[in-house]
Every structure is written in C-alpha cells, then in structure tokens.
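Note: hydrogens, waters and symmetry copies are ignored here, and every other heavy atom, side chains too, is used. The model shown is predicted, which means the values in this text are computed figures rather than measured ones.
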Amino acid sequence: MGGVLFEGGRPTRYFACAWRPGGFGVRDVQVGSSASQTYFEVLILVLAVELWGRSLRPTIVLGDNLPALQEALTLAGRGLQGELA
C-alpha cells in the first residue's frame, strides 16, 4: 500500500508498506483478493488523511475506487475510525 502527497502539483511526501497476510484478525478480508480491495483502499485513505490532514485548509482527495471514496465520506465526522480497525 502507499500514498503520495502532492503540494503545488509536485510530490512532497509519500508512505509505503506491505500488508501481512493474516494480519487482520477477525475481519473477513484477504490480501490480494479483489473482493477486499475497497476495504484496503479505505484503510489507505484514512491513513493518508491521518498523516497529512492536519491543516484547516480544504484538501482534494483523489482516488480511482469510487466505493472507497464514498465509504470515506460516510466516515466524515465520526471521530475515531473504529469500524476500520
């Protein structure tokens, strides 16, 4: 997984790491399964916002997985994202 922060049209920061198979406890998700893709993309989006979303400025978030973006919108204003952990 990973993400890139662009500021002024230029990449300024990034993060990357690997998922560990079996590292998701009781969640019914599997690394590499297309059925779990939206779940993982929401996790990445939440992580990126936690890492870089400390500003009060409006922020544009881009992604190619519409269900993941929609799920992130439903989490807005909920505080701790316990449903994802």
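V4 is not connected to F15 by any chain of hydrophobic side-chain contacts under 4.5 Å among Ile, Leu, Val, Met, Phe, Trp and Tyr, and they are in different clusters. I44 and L51 fall within a single hydrophobic cluster, where Ile, Leu, Val, Met, Phe, Trp and Tyr are joined by side-chain heavy atoms under 4.5 Å apart, directly or via other members.
Atom OG1 in T38 sits 11.0 Å away from atom CG in L43 (nearest 0.5 Å).
In Y14, the OH atom is not crowded: 12 or fewer heavy atoms of neighbouring residues, nucleotides or ligands sit closer than 6.0 Å.
Looking at Y39 and E71, their side chains never come closer than 4.5 Å, going by heavy atoms from C-beta outward.
Paired with L45 under the rule side chain to side chain contact (heavy atoms under 4.5 Å, CB included), one option of L47, V49, V42 passes, and it is V49.
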